[in-house]
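Report on the structure given below.
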2 protein chains.
Amino acid sequence: MPEKKWDRPDGVAAPTSERLSLVLRGLRALEAQGVHTVSSFQLAERFGLNPAQIRKDLAQFGEFGVRGVGYRVPALKAKLKELMGLERTRAVVIVGAGNLGQALADSRNFNVDGFKVAALYDIDGRKIGGKSRTGVPILDLATLPDASGTLKADIGVIAVPAEAALEAARILAGSGVPAILNFAPISVPAADGVFVRNVDLTFFLENLSFQLAVRRR
Amino acid sequence: MPEKKWDRPDGVAAPTSERLSLVLRGLRALEAQGVHTVSSFQLAERFGLNPAQIRKDLAQFGEFGVRGVGYRVPALKAKLKELMGLERTRAVVIVGAGNLGQALADSRNFNVDGFKVAALYDIDGRKIGGKSRTGVPILDLATLPDASGTLKADIGVIAVPAEAALEAARILAGSGVPAILNFAPISVPAADGVFVRNVDLTFFLENLSFQLAVRRR
DNA sequence: TGCTGTGAAACCGTTCACAGCT
DNA sequence: AGCTGTGAACGGTTTCACAGCA
């Protein structure tokens with residue numbers, strides 16, 4: 001059993017991805033301010049990172065900077081968006097129209113540049129046919145596989161109870177959704193070539209409790 | 001600039017904490033099944049981890065196992081709960097009674113063994129005085145500092161828009177809340193001796209998009 | 001001069017392999 | 001024999017330091 005690198009079948013290291021997300025945010029802000037050029041030092045300072053690290057992160061993908069000058073803000077921003085697959089809008093579908101699913105669908109965190117929440121899916125007949133507060137339609141989960149031809153979701157979010165999570169993952173993978181973000185408190189395996197990111201909210205609470213308990217000594 | 005280890009002022013490494021959370025879950029399940037003894041191999045297999053890693057994680061805190069036998073399930077479970085500060089129930093307060101805050105307050109992920117969501121705080125007069133679906137009271141954010149004497153919250157969750165996040169953090173830290181879980185898309189700094197964990201939901205989407213973009217080549 | 005791109009060093013977490021206890 | 005606890009090897013990421021180009 002070669003154990004396929006388990007959870008995050010990384011093509012890109014998670015910390016790198018996180019830093020480049022920050023850098024992209026910084027570039028958006030700088031562009032809005034009309035700044036043309038930025039150095040790795042300025043970017044690093046803004047987020048408390050190491051400048052060399054930012055340069056290394058970028059260098060993995062090409063040579064984007066100008067020696068002695070820094071990076072051209074609009075050019076780097078465009079290149080980064082392309083790199084991160086954000087040059088076009090990614091369609092997101094959420095399985096589970098409970099409190100969490102609907103909150104995510106309407107959340108500003110999920111309705112940002114580059115992403116569009118296309119639909120919520122549920123099995124509860126009372127919810128199906130409705131809409132979330134911001135107007136995301138709630139559809140019958142049974143129709144997800146059919147819709148996959150027309151809808152072409154890029155990311156499937158799992159926001160159902162633990163018992164239903166594996167089935168949700170199976171349906172998403174079976175419908176050709178290539179990436180899954182799972183909020184249920186069980187690890188869903190990365191079938192086929194599907195990227196899975198498990199986000200267990202309970203872990204965050206337990207981690208903080210742990211830190212508090214360890215500190216007191 | 002010594003740069004105070006930035007985001008996670010770790011006393012415990014994040015991966016260790018995550019694995020021990022898993023182990024604790026495993027122990028709960030095993031105890032429910034009446035299993036008395038478990039080896040690091042059995043625990044590791046259950047979660048796709050390395051047995052030595054689990055032993056090392058535990059060994060940091062003492063010698064809990066019995067050579068040739070394994071670990072006693074009830075004893076290890078008790079010891080782990082104590083270690084992780086879960087021997088008593090931790091009070092959680094959530095700042096921001098919007099969709100996300102209320103969803104978290106009512107979520108099964110937040111209402112687990114060891115945690116109790118005591119209150120939601122908001123500044124919207126129309127929400128104050130109300131309750132979430134499961135009955136968590138929505139209180140006036142201005143009264144949080146006063147309540148800190150009686151309430152003694154262990155963990156403060158920030159579920160407000162980005163613009164309000166720093167102020168929310170300031171109020172929590174000022175009220176003596178020793179740990180913060182921040183869901184707003186800006187990094188809140190770890191003031192004083194306050195533990196901060198930033199969870200940026202946008203990063204998860206961007207990371208998946210990144211993985212998809214990199215794979216296609 | 002100034003800042004990028006990058007080899008080399010340092011650091012940290014993971015995995016291996018085995019000594020030691022039951 | 002079986003399994004823990006742990007030193008040693010390994011691998012990946014971060015940081016340093018500097019060569020090279022504008």
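The structure presented is a predicted model; accordingly, all values stated were derived computationally and were not measured.
Contact of the A/V95 side chain with the A/L141 side chain is registered, since non-hydrogen atoms from C-beta on lie closer than 4.5 Å.
The two residues A/R197 and B/F204 have their closest heavy-atom pair at NH2-CE2, 3.7 Å. Contact detail for A/A105 and A/N111: the closest heavy-atom pair is O-ND2, 2.9 Å.
Rounded to whole Å, the distance from CZ on B/R72 to C1' on D/dG2 is 13 Å. Atom CD of B/E18 is separated from atom P of C/dT14 by 10 Å (rounded to the nearest Å). Per the geometry, CG belonging to B/L43 stands 12 Å off P belonging to D/dG5, to the nearest Å. Separating the CZ atom of B/F61 from the C1' atom of D/dG5 is a distance of 15 Å, rounded to the nearest angstrom. If you take CZ of B/F64 and C1' of C/dT22, they are 19 Å apart, rounded to a whole angstrom. Taking atom CG of B/D57 as the reference point, atom C1' of D/dT4 lies 14 Å away to the nearest angstrom. Here C/dC21 presents its P atom at 6 Å from CZ of B/R67, a figure rounded to the nearest Å. The CG-C1' distance, from A/L58 to D/dT13, rounds to 16 Å in whole Å.
A salt bridge does not link A/R25 to A/E31: none of the charged side-chain nitrogens sits closer than 4.0 Å to a carboxylate oxygen. Salt bridge annotation for A/K81-A/E87: absent, with no cationic side-chain nitrogen under 4.0 angstrom from a carboxylate oxygen. Under 4.0 Å is where a charged nitrogen must lie from a carboxylate oxygen, and between B/D154 and B/R88 at least one such pair does.
Closest to the B/Q53 side chain, of the nucleotides C/dA19, C/dT6, C/dT14, is C/dT14. The B/E63 side chain lies nearest to D/dG5 when the options are D/dG5, D/dT15, C/dG5.
In terms of polar N and O atoms assigned as donor or acceptor, the side chain of A/K56 comes within less than 3.5 Å of the base of D/dT15 in a complementary pairing.
Between A/R55 and D/dT15 there is no side-chain N or O to OP1 or OP2 distance below 4.0 Å. Phosphate contact (OP1/OP2 of C/dG13, side-chain N/O of B/R19, threshold under 4.0 Å): absent. Within the 4.0 Å cut-off from OP1 or OP2 of C/dG2, not a single side-chain nitrogen or oxygen of A/Y71 is found.
Within the nucleic acid shown, A/G65 comes within 4.0 Å of sugar-phosphate atoms alone, with no base atom in reach, counting heavy atoms only.
Of the inter-residue distances, the one linking A/R28 atom CZ with A/D113 atom CG reads 4.5 Å to the nearest 0.5 angstrom.
Applying a 4.0 Å cut-off to non-hydrogen atoms, the residues of residues 31-42 of chain A that approach DNA chain C are A/S39, A/S40, A/F41, listed by residue number.
Nearer to the 5' terminus of DNA chain D, by closest-nucleotide assignment, is the contact made by A/T16 (compared with the other of A/T16 and A/G68).
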